[in-house]
Visitor: 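Below: one structure in structure tokens.
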Amino acid sequence: MKKSWLSLFLSEDEYKEKRILYFLGEAAILGVCVSLLFLIASYTYPLHIIETNMFFSFVVVGQVIYIFLRYIFSGMEYMDTFSSNDYKREMKKIFFQSLTFMFVFFTLYVLVSGLPQKQPEWRGMIGLPILSGFLMFLINFISLKSSYRKNNG
């Protein structure tokens, strides 16, 4: 894979590179199949429930989400987590990374948007960084848990 422009975006680890290429291939095949089914259905039953360009935008977003979820649930990010001590160490690391991200995001959000004057604005200002930090923690936690199970199961 060294002679492709795609290698610029892939990991140096051969196992990760191969798995990600599988995920990309699966997403492409699923996208083509769903698109063909949509085209056949739209010509057979012209209901015009959704416009074609909007549908294909959903297909692309669906492919990105598919690849992202496959990567998370594969547990490739934490390949060296075997013992419970490694698991606990990584868990602490994930927690503090998410907490740091949340505070940095909040600080930058306040700097860019300015301080809100009313209470509903404060809820939005605080809620978005908390939600983002929680999602970051959840994503990394699922990946760590999957990797730990795979390595010990």
Side-chain angles (χ1 to χ4, degrees), residues 1-82 87 90-91 93-95 97-114 116 120-121 123-153:
M1 186 52 137
K2 302 299 177 209
K3 296 184 181 192
S4 173
W5 61 270
L6 196 57
S7 62
L8 296 172
F9 303 105
L10 295 174
S11 174
E12 294 293 323
D13 183 13
E14 286 184 39
Y15 176 74
K16 281 186 181 180
E17 178 182 325
K18 189 175 181 181
R19 294 289 301 213
I20 291 171
L21 287 174
Y22 281 139
F23 300 159
L24 289 169
E26 290 170 0
I29 290 171
L30 286 172
V32 167
C33 291
V34 168
S35 299
L36 287 174
L37 287 173
F38 174 75
L39 289 174
I40 291 169
S42 66
Y43 285 120
T44 307
Y45 307 105
L47 297 175
H48 301 292
I49 296 172
I50 187 170
E51 292 187 30
T52 306
N53 57 351
M54 184 63 84
F55 174 78
F56 288 116
S57 298
F58 287 142
V59 168
V60 170
V61 169
Q63 288 175 321
V64 170
I65 290 171
Y66 176 82
I67 294 166
F68 186 66
L69 289 175
R70 288 278 288 158
Y71 184 80
I72 290 170
F73 286 108
S74 71
M76 286 190 299
E77 195 64 31
Y78 302 97
M79 302 279 288
D80 57 345
T81 306
F82 293 101
Y87 179 79
E90 289 295 333
M91 195 64 176
K93 189 173 164 185
I94 288 170
F95 177 76
Q97 281 177 345
S98 300
L99 202 60
T100 303
F101 171 76
M102 189 175 60
F103 286 122
V104 169
F105 183 37
F106 175 74
T107 305
L108 291 175
Y109 194 30
V110 168
L111 289 174
V112 170
S113 301
E121 294 173 358
R123 281 187 239 145
M125 178 77 63
I126 293 171
L128 185 61
I130 288 174
L131 180 64
S132 300
F134 176 73
L135 287 176
M136 181 179 177
F137 174 79
L138 186 64
I139 288 167
N140 287 319
F141 174 74
I142 291 170
S143 184
L144 176 64
K145 194 78 161 170
S146 298
S147 179
Y148 184 69
R149 277 192 202 134
K150 187 189 295 184
N151 291 340
N152 291 316

Visitor: How long is the straight-line distance from CE of M91 back to CZ of F141, given to the nearest 0.5 Å?
Guide: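 The CE atom of M91 is 4.5 Å from CZ of F141, to the nearest 0.5 Å.
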Visitor: Strictly distance-based, threshold 3.5 Å: is any side-chain N or O of S7 a donor or acceptor partner for the main-chain N or O of S4?
Guide: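 Here the side-chain-to-backbone pair exists.
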Visitor: When rounded to the nearest 0.5 angstrom, what is the spacing between CZ in R70 and OH in Y22?
Guide: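 Going from CZ on R70 over to OH on Y22, the span is 11.5 Å.
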Visitor: Where do N152 and Y148 come nearest, in terms of heavy atoms and distance?
Guide: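 Minimum heavy-atom separation between N152 and Y148: ND2-CE1, 2.8 Å.
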Visitor: Within a strict 4.5 Å, meaning less than it, do heavy atoms of the Y15 and M79 side chains meet?
Guide: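 Y15 reaches M79 side chain to side chain.
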Visitor: Can you tell if the side chain of V34 reaches within under 4.5 Å of the side chain of F55, non-hydrogen atoms only?
Guide: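 Answer yes - side chains close enough.
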Visitor: Could you check whether any side-chain heavy atom of F105 comes within less than 4.5 Å of a side-chain heavy atom of L128, counting everything from C-beta outward?
Guide: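 Yes, their side chains come closer than 4.5 Å.
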Visitor: Can you tell me how far CG of L135 sits from CG of N140, rounded to the nearest 0.5 angstrom?
Guide: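 It comes to 11.0 Å.
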Visitor: What's the separation between atom CG in L10 and atom NZ in K18, rounded to the nearest 0.5 Å?
Guide: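 If we round to the nearest 0.5 Å, L10:CG and K18:NZ are 14.0 Å apart.
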Visitor: Would a 4.5 Å heavy-atom cut-off, applied to side chains only, mark F68 and I139 as touching?
Guide: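 Touching, per the 4.5 Å side-chain cut-off.
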Visitor: Could you check whether atom CZ of F82 has more than 12 heavy atoms from other residues, nucleotides or ligands sitting under 6.0 Å from it?
Guide: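 Yes, enclosed.
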Visitor: Which pair of heavy atoms, one from F103 and one from T107, lies closest together, and at what distance?
Guide: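 That would be O-OG1, 2.8 Å.
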Visitor: Where is the tightest heavy-atom contact between A27 and I67, given as atom of each residue plus distance?
Guide: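 Heavy atoms only, the tightest pair is CB-CG1, 3.7 Å.
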Visitor: For the CZ atom of R19 and the CD atom of E17, what is their distance to the nearest 0.5 Å?
Guide: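 R19 CZ to E17 CD: 13.5 Å, rounded to 0.5 Å.
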Visitor: Report the residues that fulfil side-chain hydrogen bond (donor to acceptor under 3.5 Å, both in side chains) with Y87, sequence neighbours left out, ordered by chain and then residue number.
Guide: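 With neighbours one apart ignored, the set is empty.
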Visitor: For K93, does the NZ atom have more than 12 heavy-atom neighbours from other residues, nucleotides or ligands under 6.0 Å away?
Guide: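 No.
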Visitor: How close do M125 and P116 get, heavy atom to heavy atom, and via which atoms?
Guide: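 Heavy atoms only, the tightest pair is CE-CD, 3.7 Å.
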Visitor: A side-chain contact here means heavy atoms from C-beta on lying under 4.5 Å apart; do V60 and F56 qualify?
Guide: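 No, their side chains stay 4.5 Å or more apart.
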Visitor: What is the minimum heavy-atom distance between G31 and Q63, and which atoms define it?
Guide: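 Minimum heavy-atom separation between G31 and Q63: CA-NE2, 3.4 Å.
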Visitor: I'd like to check M76 versus I20 (side-chain heavy atoms, cut-off strictly below 4.5 Å). Are they in contact?
Guide: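 A side-chain contact under 4.5 Å exists here.
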Visitor: Could you grab the distance from atom OG of S143 to atom CG of L138, nearest 0.5 Å is fine?
Guide: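 Spacing of OG (S143) from CG (L138) equals 11.0 Å.
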Visitor: Is there a side-chain contact between Y71 and E77, using heavy atoms and a 4.5 Å cut-off?
Guide: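 A side-chain contact under 4.5 Å exists here.
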Visitor: When you compare the side chain of I94 with that of Y78, does any pair of heavy atoms fall below 4.5 Å?
Guide: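 A side-chain contact under 4.5 Å exists here.
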Visitor: Looking only at heavy atoms, which two atoms of P129 and G124 are closest? And how far apart?
Guide: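 Taking P129 first and G124 second, the nearest heavy atoms are CD-O, 4.5 Å.
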